[in-house]
**Q** 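After the C-alpha cells below, expect a handful of questions from me.
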Amino acid sequence: MDRETLRRIVLEKLKKNTEGKVPIDSSDMKKTHVEIDAISQVDEKNTTGSGGDMVRDVMFVMPTSGQNFYNSDDKDGMTSSEPNYNDKSMTNMTTPGISTQHPVVKISSRTKEIEEDDGEEGVEVRDDRIIIRGKSKTRLEIHYKLIGTVEDGTRLVDLKVPRLPQFELVAKKPNDTLRLNVVIDFATTKDGKTVYFIRDKREIVERLYKFRNNRNISKAMINDALDVWVSRIEPGKLIEWVDVREVVKRYPEWEEINRDPLAFFLSRAGEVVGNEKLKVAVLLAVVSSQLKKLFGIYRVHLVLSGFSGAGKSSTIKSVLKLFFNEEDRVSDYVVLDFTRLTKEALGRLQVDTMDGKVFFIEQLDNVEGVNYLREAMSEGKIKTLTTVKDADGNLVSKTIVIPGQPAFIATNVTANIDHQILNRSVQLYLSPAEDEAIKEKIISTILLRRPVDDEDLKRIKLVTYVWLKTRPSDPVLREEVAEEVKKVLKKFINFKNIYRATEITRNFIRATASLFGHEEVQMSDVDFVMRYFKKDIILTTLELSERDLQLLKWLRDHGYIEPEGDQAVRDVPTAEVAQFLKLSTVETKKVLDGLYDKGLVWKAYDGKKF
C-alpha cells in the first residue's frame, strides 16, 4: 500500500469520528501524520508522483519583496516583483503564529483548501512543511525550519535595527535536493499597517518551479503557497530589534574608527589621490551636521572651486560615499545630494528637520533657489508663506516651515557665486596637480580601480552612522582655550567680517573636537584647525579664495602690480590671465571683476571695452 492511499484511509476514518461527534485532539492529528509518514517510509522507493518522479520535503527562507507576484492573467502567473502595497489582500494580511494543528487556509479561487487527500488541487501548511497538490495527484512538499536571523542595517530607528528571521526551505526528488535560504522582511503601508513578505520571492518561486519541473504545479500555486505560509508563521513575533551599537561592536571597523577616525576616513577615500585638506574639510562638515544648535551659523559650509575636471566632485564623493545617502533608503540618512536645484525645491523638501543632514550640490551654477539656500545655511529654518486651496477650493495663506540647518557643500567652476552664499561658507580652491609623481599616481589609481563590494560598503556605512551619532554633540569651549583662539583671530580679522569669520572658526573647532571624541575643546583641536585651514579662514575674512590669491601673486610676479624701478604698471590682456587660470575668457573676466570690486585690480579701457 503506498503512502497516499494509507493517508487517505486514515483521514477518512478520522473524518467519520468527527461526524460521530468524537473530538479529535490536535496532538492526535499530528501523531497520525507522523505514523503515516513512518509507515510509508518503509517502502520509500515506491512513493512517486503521477509524473513518475519522487518528491521529498522542501524548506524555504523568505525573500524581500511583496506578495502577489503572480496572477492568473499573466503567463505562468508571473507579474511584477515589487510589493503592491495598495492591494487590499496585503494591507489586511494577518500574521498569526505557527499553528500547533495542521491548518488549511483558503488563499484563492484557483488553489483549493485541503481537508483530506481527495486528489484535488490545494495547499496545506503544517508545522514543518508546505504541501502543494496539483492536478493528476502531483505534489510538491517543501520542508522549512528557522535557521537564524539576518540584521538589516538599513532600517535604523532610534539606533536600533531589526533582525529578520531566516528560514531554510528544502525540496527533494530522487537523486536531487534543493535547499534555499529565505529571509522574511516587512514593510509599512500608507495606512500604517505592517505587511510581511519574502525577499527575492520571484527568484525563489522560479527555482522551486524548475526543480519540480511539472506543469501541474504552476508558479502561481507555488507563489500562493508561500503567501499562505508567511501568513501562518507569525513573522512579527520572530523579528527582534537590537541596539545597533551592540551590532557594530562585532565589526573590526568599529575599533579602527574609534582608534583613529581621521586615518579611517582618509584611507577609505583613496580613490582620489591627494587633496587631503579638502577631504578633511568635507569630513568636518559631515561631523558638524550633528552638532547642537547655536545662534547664527553652526555648521561647516564649503564651496569648492576649481577648473572643470580637476577632481572637485570626486574628492567630495570619496568621503561622502562612506555615509548613508538618501538612495540607501535609510530613514535617518545623512547625505542628500543634488545635481540640480529648482527655484522652489528646498521650500518643499519632505524632511522633518534639516538638522543632521548634509546637502551636497554639484555645480552651484545649477542652483535656482538661492534665496532658500541662504536661509537654510544661516537661519536655522526655511519658512515660506504660500497660498493653497482649502476644502472648498478657496485660496488661503499657509505657512510651511522646515526646521533645522544642514551642512552645505557645493562645487563651482565659475566665479559667479552669490555673495551671501560665499559669506556663509569657506571657499576652498582645488588647483591642478603639477607634480609628475602625483600625476603618475593619479593615473595608476584610476586605471587599477576595483569594483565596490556592496556588502562591505553597507557594513562601513552602518559603522560610520553609529560613530557619527555617538560623537559629542556639544563640545564645550573652555575660557582658557577661547582666549588662545582670540589671540589668533585678532591678528587678521577685520570689523567688516568679524561675525562670519569668528563663526566659521568656531564651527571648525567644534567639529574637530567632536571628530576626535572630545567633550571639551582641546588646544590640539585648535592647532589642528589652524594647521589645515588658517589661510582659508583669513581669505574668507577678506572675501577672497585661494584662486584669487594665486592670481594676485602671478600678477605681482609678472610686474602687473608692482613694477620694477621707474617702469609703469603694465596692462595684461584678459586672454593671458585666462591662460594662467585655465578658464575661458568669459569666466576669467568674472574673476577679475570680483577683484576689481574689492579694489585689488584696475580695469584698463582699450577703446572698445574695459
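What you see is a predicted model; the values in this text were computed from it and never measured. Just so you know, these numbers use all the heavy atoms, side chains as well, and skip hydrogens, waters and symmetry mates.
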**Q** I'd like to check Lys279 versus Ser318 (side-chain heavy atoms, cut-off strictly below 4.5 Å). Are they in contact?
**A**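 Heavy-atom side-chain distance check passes, below 4.5 Å.
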**Q** Measure the shortest side-chain to side-chain distance between Asp337 and Leu320 over non-hydrogen atoms and say whether it is less than 4.5 angstrom.
**A**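 In short, these two side chains do not touch, never coming nearer than 4.5 Å.
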**Q** Can you find a heavy atom in the side chain of Asp332 that is under 4.5 Å from one in the side chain of Phe324?
**A**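 No, side chains not in contact.
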**Q** Between the main-chain N or O of Asp127 and the side-chain N or O of Tyr144, is there a donor-acceptor pair closer than 3.5 Å?
**A**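 Here the side-chain-to-backbone pair exists.
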**Q** For Asn325, is there any backbone N or O sitting under 3.5 Å from a side-chain donor or acceptor partner on Asp328?
**A**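 Between the backbone of Asn325 and the side chain of Asp328 there is a qualifying donor-acceptor contact (under 3.5 Å).
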**Q** State, with a plain yes or no, whether a side-chain heavy atom of Leu349 is found less than 4.5 Å away from one of Phe359.
**A**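 Yes, at least one pair of side-chain atoms sits under 4.5 Å.
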**Q** To the nearest 0.5 Å, what is the distance between CZ on Arg207 and CG on Leu180?
**A**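 Reported to 0.5 Å precision, the distance equals 4.5 Å.
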**Q** Evaluate the side-chain proximity of Leu164 to Ile239: yes if any heavy-atom separation is below 4.5 Å, no if none is.
**A**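 When only atoms from C-beta onward are counted, Leu164 and Ile239 do touch, with a gap below 4.5 Å.
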**Q** Take Lys137 and Arg133, measure what side-chain contact (heavy atoms from CB on, under 4.5 Å) needs, and give me the verdict at the end.
**A** CA-CA 7 Å; Lys137 296 186 178 180; Arg133 292 189 176 92; over 6 Å; no
**Q** Suppose we screen for salt bridge (charged side-chain N to carboxylate O under 4.0 Å, His left out). Which residues come up paired with Arg268, at least two apart in sequence or across chains?
**A**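 Here the qualifying residues are Glu256.
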**Q** In the structure I gave you, are the side-chain heavy atoms of Asp227 and Phe197 within less than 4.5 Å of one another anywhere?
**A**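 No, their side chains stay 4.5 Å or more apart.
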**Q** What distance do Trp229 atom CH2 and Arg129 atom CZ have between them, rounded to the nearest 0.5 Å?
**A**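 The CH2 atom of Trp229 sits 14.5 Å away from the CZ atom of Arg129.
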**Q** Run the side chain to side chain donor-acceptor pair (under 3.5 Å) test against Asn275 and tell me which residues pass, sequence neighbours left out.
**A**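 Result, side chain to side chain donor-acceptor pair (under 3.5 Å) vs Asn275: Thr315.
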**Q** To the nearest 0.5 Å, what is the distance between CD1 on Ile217 and NZ on Lys135?
**A**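 That separation rounds to 11.0 Å.
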**Q** From the options Phe265, Trp254, Phe264, select the one residue that forms a ring-ring contact (aromatic ring centres under 6.0 Å, His included) with Trp467.
**A**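 The option that passes is Phe265.
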**Q** Can you check whether Leu238's main-chain N or O pairs, donor with acceptor, with Arg163's side chain at less than 3.5 Å?
**A**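 A pair under 3.5 Å: no.
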**Q** Under 4.5 Å between any side-chain heavy atoms of Val150 and Gln166, yes or no?
**A**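 Side chain of Val150 against side chain of Gln166, heavy atoms only: contact under 4.5 Å found.
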**Q** What I'd like to find out is whether the side chain of Glu253 reaches to under 4.5 Å of the side chain of Arg459, using heavy atoms alone.
**A**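 SC-SC contact between Glu253 and Arg459 confirmed.
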